[in-house]
Amino acid sequence: MLATLLHVNSAIRSSMVATSVRADADPLLDSLYELIRTGELSPGQRVDQRAMSERLEVSRTPLREALRAMATDGVLVRTPNAGYEVAKLSAADLLQYYSIRTFLETEVLRSLVWPDAEQLAALKEANEECRAAANDVTIDRLVSSNRTFHLMMFSWSPLTVMYKEILRVWRVSEPYRVLHLSNPDRRRRVAADHDKMIAAIEAQDAKKLVRLMDEHRGRSRNLLQDMLGSAITPALVSLPQDSRRARQSS
């Protein structure tokens, strides 16, 4: 009886994780997000629906639905009589998104269902792609492989609502990740940081994994704070910067 219950519980958790991964599998949306990730659609740029419809070989109706969904997520901004444009974020906006990530990613990592050998191999492969992209200085490829690494790891959590919100936050801030990874020192650290996370996963050490993610994410946050300089407000300074402060403020 116990074995049956454990099997059912494992199947339910696997189904939840699979659902969270499938949530990102919309070909049209993926194509539009790829244009933003690669900088072909940059912050503040207007989306030409006619040109986009021809380029992606889709009719205007599904394209409008996809753009509406992206606007709901905050990736695009709709202006009456002007259409859609890619959202522009300030350093202050990005700091707030990093604090949202801190809370959500901490809870998701603490709840991970530890991966099997095949899943772990896929994560390692994604990190090797990060390493190769960093060595070749192909920023677009590094942004994509870095995203794959993190979202794959987060998808092992049964907290699917939180996972989907993480996905939304990553999408909104995607255009600005290119700026961060254009820094040579930061590029060199990406795969090395991921190596440590993989080791923590292999050891099934959730506490260490959360700490490593805090450090990994914190370097980006520090860069944003440096950009703001004296313009940073007390409200921004008080936002959670790591998992400990995120727990205290929740």
What pairs of donor and acceptor atoms, side-chain ones from residues 47-60 against any protein atom, are under 3.5 angstrom apart with sequence neighbours left out?
{"residue": "Asp48", "atom": "OD1", "partner": "Arg50", "partner atom": "N", "Å": "3.1"}
{"residue": "Asp48", "atom": "OD1", "partner": "Ala51", "partner atom": "N", "Å": "3.1"}
{"residue": "Ser53", "atom": "OG", "partner": "Val58", "partner atom": "O", "Å": "2.4"}
{"residue": "Arg55", "atom": "NH1", "partner": "Glu40", "partner atom": "OE1", "Å": "2.7"}
{"residue": "Arg55", "atom": "NH2", "partner": "Glu40", "partner atom": "OE1", "Å": "2.8"}
{"residue": "Arg55", "atom": "NH2", "partner": "Glu40", "partner atom": "OE2", "Å": "3.3"}

Output all residues satisfying salt bridge (Lys or Arg N to Asp or Glu O under 4.0 Å) with [X], sequence neighbours left out; order by chain, then residue number.
X      : result
Glu34  : Arg37
Arg101 : Glu105
Arg46  : none
Glu129 : Arg141

Could you go step by step and tell me if Leu167 and Arg147 meet the side chain to side chain contact (heavy atoms under 4.5 Å, CB included) rule? CA-CA 10 Å; Leu167 181 59; Arg147 179 180 186 274; 3.5 Å; yes
Would Arg211 and Asp214 pass as an ion pair if we require N to O under 4.0 Å? no
Charged N to carboxylate O below 4.0 Å: is that the case for Glu65 and Arg68? no
What residues, two or more places apart in sequence or in another chain, satisfy side chain to side chain donor-acceptor pair (under 3.5 Å) together with Ser173? Arg177
Which value, rounded to the nearest 0.5 Å, describes the distance between [X] atom [atom1] and [Y] atom [atom2]?
X      : Y      : atom1 : atom2 : result
Asp73  : Arg171 : CG    : CZ    : 6.5 Å
Gln119 : Trp156 : CD    : CH2   : 6.0 Å
Ile166 : Met162 : CD1   : CE    : 8.0 Å
Leu35  : Asp30  : CG    : CG    : 11.0 Å
Leu112 : Ser155 : CG    : OG    : 9.0 Å
Thr61  : Arg64  : OG1   : CZ    : 4.5 Å

Check [X] against [Y] and note the closest heavy-atom contact, atom names and distance.
X      : Y      : result
Leu28  : Pro62  : CD2-O, 3.5 Å
Leu76  : Val86  : CD2-CA, 3.8 Å
Arg217 : Thr106 : NH2-OG1, 4.3 Å
Cys130 : Leu142 : O-CD1, 3.5 Å
Ala126 : Ser145 : O-CB, 4.1 Å

Could you walk me through whether Phe154 and Leu109 pass the side chain to side chain contact (heavy atoms under 4.5 Å, CB included) test, one step at a time? CA-CA 7 Å; Phe154 298 146; Leu109 291 177; 3.8 Å; yes
Quick one: does [X]'s side chain have a donor or acceptor within less than 3.5 Å of a partner on [Y]'s backbone?
X      : Y      : result
Tyr176 : Leu94  : no
Ser144 : Asp140 : no
Asp116 : Glu118 : yes

Could you tell me which residues satisfy side chain to side chain contact (heavy atoms under 4.5 Å, CB included) with Ser111, sequence neighbours excluded, listed by chain and number? Ser157, Pro158, Leu159
As a quick check of understanding, evaluate salt bridge (Lys or Arg N to Asp or Glu O under 4.0 Å) for Glu107 and Arg110, giving each step before the final call. CA-CA 5 Å; Glu107 298 306 315; Arg110 282 180 171 143; 3.8 Å; yes
Pairs where [range] contributes a residue and the test ring-ring contact (aromatic ring centres under 6.0 Å, His included) is met, not counting sequence neighbours:
range            : value
residues 39-82   : none
residues 48-82   : none
residues 118-139 : none

May I ask you to test the Leu212-Glu215 pair for a side-chain heavy-atom distance under 4.5 Å? yes
Quick check: is [Y] connected to [X] through a chain of hydrophobic side chains (ILVMFWY, heavy atoms under 4.5 Å apart)?
X      : Y      : result
Ile100 : Val108 : yes
Met152 : Leu120 : yes
Leu151 : Leu104 : yes

Would Tyr97 and Leu89 count as a side chain to side chain contact (heavy atoms under 4.5 Å, CB included) if you check the C-alpha gap in whole Å, the side-chain angles of each, and the deciding distance to 0.1 Å? CA-CA 10 Å; Tyr97 277 117; Leu89 302 178; 4.0 Å; yes
Can you establish whether the number of heavy atoms outside Glu125 located under 6.0 Å from its atom CD is more than 12? no
Tell me, which pairs form a side chain to side chain donor-acceptor pair (under 3.5 Å) where one or both residues lie in residues 74-88, sequence neighbours left out? none
Going through the distances and angles, do Thr38 and Val143 end up as a side chain to side chain contact (heavy atoms under 4.5 Å, CB included)? CA-CA 9 Å; Thr38 58; Val143 169; over 6 Å; no
Mind listing the side-chain donor-acceptor pairs of residues 192-208 below 3.5 Å, one per line with the distance, residues two or more places apart or on another chain?
{"residue": "Asp193", "atom": "OD2", "partner": "His216", "partner atom": "ND1", "Å": "2.8"}
{"residue": "Asp193", "atom": "OD2", "partner": "Arg219", "partner atom": "NH1", "Å": "2.5"}
{"residue": "His194", "atom": "ND1", "partner": "Asn127", "partner atom": "OD1", "Å": "2.9"}
{"residue": "His194", "atom": "NE2", "partner": "Asn146", "partner atom": "OD1", "Å": "3.2"}
{"residue": "His194", "atom": "NE2", "partner": "His150", "partner atom": "NE2", "Å": "3.2"}
{"residue": "Asp195", "atom": "OD1", "partner": "Asn127", "partner atom": "ND2", "Å": "2.9"}
{"residue": "Asp195", "atom": "OD1", "partner": "Arg131", "partner atom": "NH2", "Å": "3.0"}
{"residue": "Asp195", "atom": "OD2", "partner": "Arg131", "partner atom": "NH1", "Å": "3.2"}
{"residue": "Asp195", "atom": "OD2", "partner": "Arg131", "partner atom": "NH2", "Å": "3.3"}
{"residue": "Glu202", "atom": "OE2", "partner": "Lys124", "partner atom": "NZ", "Å": "2.8"}
{"residue": "Asp205", "atom": "OD1", "partner": "Lys207", "partner atom": "N", "Å": "3.4"}
{"residue": "Asp205", "atom": "OD1", "partner": "Lys208", "partner atom": "N", "Å": "3.0"}

